[in-house]
Amino acid sequence: MATNRTFTMIKPDAFADGNTGAILSMIEKAGFKLIAAKLTHLTAETAGKFYAVHSERPFYNDLCKYMSSGPIVAVILEKENAVADFRTLIGATNPANAEDGTIRKIFARSIEANAVHGSDSDENAAIEGSFFFSELERI
Ligand code: CMP
């Protein structure tokens with residue numbers, strides 16, 4: 001399996017709960033290399049652009065409000081089979097359905113405030129990484 005990249009955000013709930021370090025530690029211990037990382041604070045508008053694919057979903061407005069409610073940490077990660085392995089590490093979107101030991105099971109508050117984002121394909125990982133990081137920062 002080729003080395004590839006994925007993109008994650010540590011979301012406002014996990015950041016506010018002081019879990020950024022613990023989550024990054026779990027990610028590193030699982031074999032992911034940090035390529036780029038940025039602490040930032042989305043506006044509702046930038047959150048809306050990032051999650052535009054969900055704009056027709058009933059939870060979209062609340063999601064944009066929540067994602068702009070506090071700081072987030074955006075990170076590009078590298079590993080063999082990065083996208084699939086990272087989704088296994090974080091667990092199901094709804095923490096109630098996440099496997100024991102996954103990041104969402106341990107740290108998430110709810111289906112919306114679910115601690116971390118993880119890209120769902122190589123294509124979206126590249127799009128999402130370039131949403132936050134310049135070409136130079138992604139080397
Ligand atoms: P994420 O993996 O970042 O992708 C879209 C986000 O929308 C998801 O995590 C959750 O934060 C949120 N989300 C997905 N489904 C629901 C839902 N049914 N109700 C509320 N929020 C949701």
Side-chain angles (χ1 to χ4, degrees):
M1 187 66 69
T3 297
N4 62 6
R5 290 183 177 189
T6 192
F7 172 81
T8 187
M9 275 185 285
I10 298 182
K11 297 188 180 183
D13 61 305
F15 184 89
D17 292 342
N19 291 325
T20 301
I23 290 172
L24 288 176
S25 176
M26 277 185 73
I27 291 170
E28 287 190 302
K29 282 187 181 132
F32 291 87
K33 181 177 157 194
L34 273 66
I35 299 297
K38 184 177 286 180
L39 172 59
T40 186
H41 193 146
L42 296 172
T43 62
E45 192 187 2
T46 48
K49 281 185 190 152
F50 182 85
Y51 280 117
V53 67
H54 296 303
S55 61
E56 302 303 318
R57 307 287 287 275
F59 56 80
Y60 178 70
N61 285 339
D62 284 343
L63 176 62
C64 296
K65 217 181 287 174
Y66 157 66
M67 286 302 298
S68 55
S69 66
I72 60 107
V73 180
V75 187
I76 296 175
L77 298 165
E78 192 168 85
K79 185 185 177 296
E80 272 185 15
N81 201 28
V83 168
D85 284 2
F86 192 71
R87 288 175 75 80
T88 301
L89 179 67
I90 66 180
T93 303
N94 185 346
N97 302 327
E99 297 282 334
D100 283 348
T102 59
I103 290 175
R104 284 172 171 157
K105 186 70 170 192
I106 296 168
F107 298 107
R109 295 182 190 173
S110 67
I111 190 169
E112 177 182 78
N114 62 354
V116 286
H117 169 78
S119 304
D120 63 4
S121 65
D122 286 351
E123 187 192 2
N124 283 336
I127 292 168
E128 292 169 1
S130 57
F131 187 90
F132 282 93
F133 298 100
S134 71
E135 197 172 341
L136 265 181
E137 290 168 324
R138 287 183 270 126
I139 290 173

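Just so you know, ligand 1 is whichever comes first in the structure, and atom 1 is the first atom listed for that ligand. Just so it is clear, the values below take in all heavy atoms, side chains as well, and ignore hydrogens, waters and symmetry mates.
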Just say parallel, tilted or perpendicular for the rings of Phe50 and Phe131, cut-offs at 30° and 60°.
-> perpendicular
Quick look: His54 vs ligand 1, heavy-atom contacts under 4.0 Å, and the answer is side chain
Quick check: does any side chain N or O of Thr46 sit under 3.5 Å from a backbone N or O of Leu42, one acting as donor and the other as acceptor?
-> no
Taking the inter-plane angle between the rings of Tyr51 and His117 on a 0 to 90° scale, is it parallel (under 30°), tilted (30 to 60°) or perpendicular (over 60°)?
-> perpendicular
For Asp17, the salt bridge (charged side-chain N to carboxylate O under 4.0 Å, His left out) test, sequence neighbours excluded, returns Arg109
Any idea which protein heavy atom is nearest atom 4 (O) of ligand 1, and the distance to it?
-> Tyr51 CE2, 3.6 Å
Asn114 heavy atoms, cut-off 4.0 Å: which ligand 1 atoms fall inside?
-> 8 (C), 9 (O), 10 (C), 11 (O)
Lys11 heavy atoms, cut-off 4.0 Å: which ligand 1 atoms fall inside?
-> 1 (P), 3 (O), 8 (C), 9 (O), 10 (C), 11 (O)
Who's the nearest protein heavy-atom neighbour of atom 14 (C) of ligand 1, and how far?
-> Phe59 CZ, 3.6 Å
Does the N or O separation between Thr93 and ligand 1 drop below 3.5 Å for any pair?
-> no
Best match, Glu128, Met9, Arg87, Arg104: closest heavy atom to atom 2 (O) of ligand 1 = Arg104
For the pair Asn114 (side chain) and Ala108 (backbone), establish whether a donor and an acceptor sit closer than 3.5 Å, ignoring hydrogens and angles.
-> no
Residue, atom name and distance, where the atom is the protein heavy atom closest to atom 18 (N) of ligand 1 | Ile111 CD1, 3.6 Å
At a 4.0 Å threshold, what atoms of ligand 1 neighbour a non-hydrogen atom of His117?
-> 1 (P), 2 (O), 3 (O)
By the rule that ILVMFWY residues connect when side-chain heavy atoms come within less than 4.5 angstrom, directly or transitively, which residues belong alongside Phe32?
-> Ile10, Phe15, Ile23, Leu24, Met26, Ile27, Leu34, Leu39, Val73, Val75, Leu77, Phe86, Leu89, Ile90, Ile103, Ile106, Phe107, Val116
Atom 12 (C) of ligand 1 sits nearest the protein heavy atom Leu63 CD1, 3.8 Å
Please check if the side chain of Ser25 supplies one atom and the backbone of Gly21 the other of a donor-acceptor pair under 3.5 Å.
-> no
